[in-house]
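One structure is given here, and the rest of the page talks about it.
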Amino acid sequence: MTHPVDSPLPDDLATAHRQIRDQAEELRKQQLLIERMQHQLAQLLRERYGKKSEKLDPAQMLFFTNASEEVPQVDLLVAPEAAEIPATARSHGRKKLPATLPRVPKIHVLDEEARACPCCGKQRKEIGQETREQLDYKPASLHVVEHIRLKYACEDCQAHVATAPRLPEPIERGLPGTGLLA
């Protein structure tokens with residue numbers, strides 16, 4: 001196709017109308033080509049940078065099969081994701097530390113003055129304990145430090161429960177210990 005500037009304008013009206021129609025048709029074809037290429041580019045960009053979590057459910061393929069074709073049986077009642085995820089994976093909060101890691105118990109005890117009952121002054125007896133796990137690191141190994149704080153209560157009053165104080169932590173309510181952070 002020659003550029004319109006290169007060719008002289010026709011003198012008669014019929015030739016000018018034909019040339020305008022040809023150019024309009026060529027312009028329409030070029031516009032369709034541009035739109036098709038823009039659509040392809042958008043699809044490629046969506047495929048490359050779009051969401052990756054969209055997966056095809058095998059049950060959706062049933063919509064595109066003819067009645068004469070053999071259709072694989074798919075259980076529509078059970079979602080594939082629900083069957084594969086164990087119940088513990090759906091729970092909230094922090095996961096438990098693995099039982100395979102070695103445990104180092106550290107028992108925190110109240111001193112004698114703090115064990116005295118504020119009402120009657122008798123020594124309180126141990127009634128239980130609180131356990132908190134903290135992940136710590138020694139060079140080339142991980143281990144779990146179990147901080148066990150003993151609880152005490154007066155045998156006579158059956159009140160005034162006292163617990164050994166918590167040691168300061170590098171991260172409040174966090175799992176890493178000082179060795180792991182260092």
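Residues: numbered from 1 along the sequence shown.
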Inset, instruction - Check whether any side-chain heavy atom of Gln31 lies under 4.5 Å from a side-chain heavy atom of Arg28, and answer yes or no. - result: no
Legend entry - Basic-acidic side-chain contact under 4.0 Å: Glu26, Lys29: no
Inset, instruction - Check whether any side-chain heavy atom of Pro10 lies under 4.5 Å from a side-chain heavy atom of Gln19, and answer yes or no. - result: yes
Legend entry - Heavy-atom check, side chain of Arg124 versus side chain of Pro118, under 4.5 Å: yes
Legend entry - Contact check, side chains of Asp156 and Lys122, non-hydrogen atoms, under 4.5 Å: yes
Legend entry - His160 to Cys119 - nearest heavy-atom pair and separation: NE2-SG, 2.8 Å
Inset, instruction - With rounding to the nearest 0.5 Å, note down the distance linking NE2 in His147 to CD in Gln129. - result: 14.0 Å
Legend entry - Test item: Arg103 side-chain N/O and Leu101 main-chain N/O as donor-acceptor pair under 3.5 Å: yes
Legend entry - Val109 vs Tyr152 side-chain heavy atoms within contact, under 4.5 Å: yes
Inset, instruction - Kindly indicate whether the side chain of Asp136, heavy atoms from C-beta on, has any atom under 4.5 Å from the side chain of Val144. - result: no
Legend entry - With Lys125 via side chain to side chain contact (heavy atoms under 4.5 Å, CB included) - residues at least two apart: Glu155
Inset, instruction - To the nearest 0.5 angstrom, please state how far the CE atom of Met37 sits from the CG atom of Leu41. - result: 9.0 Å
Inset, instruction - Could you grab the distance from atom CG of Leu150 to atom CD1 of Ile107, nearest 0.5 Å is fine? - result: 6.0 Å
Legend entry - Backbone N/O of Leu110 and side chain of Arg149: donor-acceptor pair under 3.5 Å: no
Legend entry - Crowding at CG, Asp11 (>12 non-hydrogen neighbours, <6.0 Å): no
Inset, instruction - Would you mind reporting whether His39 and Glu35 have side-chain heavy atoms less than 4.5 Å apart? - result: no
Legend entry - Atom pair CG/NE2 of Leu97 and His143 - distance to nearest 0.5 Å: 11.5 Å
Legend entry - side chain to side chain contact (heavy atoms under 4.5 Å, CB included) assessment of Gln134 paired with Arg132: CA-CA 7 Å; Gln134 187 178 43; Arg132 179 182 61 89; 4.0 Å; yes
Legend entry - Step-by-step side chain to side chain donor-acceptor pair (under 3.5 Å) determination, Gln43 to Glu47: CA-CA 6 Å; Gln43 282 182 323; Glu47 182 181 321; over 6 Å; no
Inset, instruction - List the atom of Ala114, the atom of Ala162, and the distance in Å for their closest heavy-atom pair. - result: O-CB, 4.4 Å
Legend entry - Rounded distance [0.5 Å steps], CD1 in Ile148 versus NZ in Lys106: 12.0 Å
Inset, instruction - Check whether any side-chain heavy atom of Leu27 lies under 4.5 Å from a side-chain heavy atom of Gln23, and answer yes or no. - result: no
